[in-house]
Amino acid sequence: MNRKKMMLLGSGFLLFSFASTAQFQQGEKVLGAGFSAQSLSNENNSFSIPQKTTSSGFNLSAELGFVSRANQLNGFFINGGYGVTKNEYPTQPSTNSKGDNYNMGAGFFTRRYKALGKQFYLFGEGRAGVNFARQNQPGGSLYDGKSYNISVGLFPGLSYRVTNRFLLDLRLADLISLGYSHQETNIPNNQKNKQNNFYLNSSLGLGYLRDIGIGARWVIAAKKK
């Protein structure tokens, strides 16, 4: 299974080096909508009080792309999401806690396609954007916070052309992403903790397929001259 994953990821890089059969017509516009979901569960029994942490969330996105060549889109996007984190202590349920978060963002993207045959396409997408998030952390409002983030990233995916004007997308996790973040967190005694970070991340590894997303695109025919 790991070998197959690596072959797919390698194909994502190679698609930028090969020509593609016509996916769109120059001058067309493409509307996109997407949905992604994440889920994580962790149990820790190494301490005297066992703990279980679970988190889940979803993100929605919308974008408008402009066809610059037969296999390439350039455009803009907006997105937003919501998530929940729970800390549970089986032996002391009265100390259980729950927090939530939301985010919103906007930015620019560019995407290239490579035909795989029978209406299937492999794509690679690069995007850059800004994001604002608000967190209500488990443990009460004393630990609420907010953050700003500027990032760029690259990820691969698969697309299936259902009709001439309708496509379905399957997005895989980021191959690589880098950016800058600023976070402010409330702490007891009316103080704030501020952090600034530069980061470089990759989703390669055993958990790569944990974060995937699905989306749809509608082609708007260019106006005839």
Side-chain angles (χ1 to χ4, degrees), residues 29-41 53-66 73-87 97-111 123-141 143-159 166-186 192-203 207-220:
K29 302 180 182 67
V30 181
L31 290 174
F35 171 80
S36 64
Q38 306 83 36
S39 179
L40 179 65
S41 179
T53 301
T54 58
S55 62
S56 60
F58 68 89
N59 285 276
L60 299 173
S61 64
E63 59 187 47
L64 176 62
F66 303 87
L73 290 176
N74 299 313
F76 304 90
F77 67 86
I78 58 173
N79 56 48
Y82 177 78
V84 176
T85 300
K86 297 180 181 179
N87 289 330
S97 60
K98 177 181 178 181
D100 61 0
N101 64 84
Y102 69 86
N103 67 84
M104 60 187 69
F108 168 82
F109 74 92
T110 182
R111 172 182 286 208
F123 68 77
E125 180 169 314
R127 60 174 55 205
V130 295
N131 191 77
F132 170 79
R134 183 82 182 185
Q135 305 89 27
N136 300 308
Q137 300 291 348
S141 60
Y143 297 92
D144 292 352
K146 60 183 179 180
S147 62
Y148 306 88
N149 184 66
I150 302 173
S151 65
V152 295
L154 173 68
F155 65 85
L158 294 172
S159 182
F166 180 71
L167 300 91
L168 292 176
D169 289 344
L170 176 65
R171 169 185 168 160
L172 302 179
D174 290 356
L175 290 177
I176 188 171
S177 61
L178 57 91
Y180 164 80
S181 66
H182 171 80
Q183 183 173 0
E184 297 181 6
T185 304
N186 296 324
K192 287 184 179 292
N193 179 30
K194 297 182 179 182
Q195 295 183 350
N196 297 298
N197 296 297
F198 290 93
Y199 62 86
L200 174 65
N201 295 325
S202 175
S203 296
Y208 181 76
L209 295 181
R210 183 185 65 199
D211 298 330
I212 62 174
I214 57 175
R217 296 175 186 275
W218 294 266
V219 178
I220 304 175

Starting at CD of Q135, measure out to CD of E184 and round the result to the nearest 0.5 Å. 10.5 Å
Between CZ of F76 and CZ of F66, what distance do you get to the nearest 0.5 Å? 7.0 Å
Does S151 reach the side chain of N131, with side-chain heavy atoms less than 4.5 Å apart? no
Between CG of L170 and OG of S159, what distance do you get to the nearest 0.5 Å? 9.5 Å
Note: G65 and L73 closest approach over all heavy atoms is C-CD2, 4.5 Å
What's the verdict on side chain to side chain contact (heavy atoms under 4.5 Å, CB included) for Q38 and N59, showing C-alpha distance, side-chain angles and the deciding distance? CA-CA 9 Å; Q38 306 83 36; N59 285 276; 3.6 Å; yes
What closest approach, in Å, do G75 and F108 show between heavy atoms, and which atom pair accounts for it? O-CD1, 3.1 Å
Kindly indicate whether the side chain of N149, heavy atoms from C-beta on, has any atom under 4.5 Å from the side chain of V130. no
So with a 6.0 Å cut-off around CZ of F109, is the heavy-atom count from everything else above 12? yes
How are the rings of F35 and F58 set to each other: parallel, tilted or perpendicular (split at 30° and 60°)? parallel
Grab the two heavy atoms, one from V84 and one from N101, that are nearest each other, plus how far apart they are. N-ND2, 4.3 Å
Side-chain touch Y180/N196, heavy atoms, less than 4.5 angstrom: yes
Kindly indicate whether the side chain of R171, heavy atoms from C-beta on, has any atom under 4.5 Å from the side chain of D169. no
Rounded at 0.5 Å granularity, tell me how far CD in E125 sits from CZ in F155. 3.5 Å
Quick note, salt bridge (charged side-chain N to carboxylate O under 4.0 Å, His left out) partners involving residues 57-66, not counting sequence neighbours, are E63-R127, E63-R217
Calculate, to the nearest 0.5 Å, the distance between atoms CG and OG1 belonging to L154 and T110 respectively. 10.5 Å
Expected output: side-chain N87 to main-chain S97 donor-acceptor under 3.5 Å: no
Heavy-atom closest pair (T54 atom, S41 atom, distance to 0.1 Å) is CG2-OG, 3.6 Å
In Å, rounded to the nearest 0.5 Å, how long is the span from CG of L64 to CG of L31? 5.5 Å
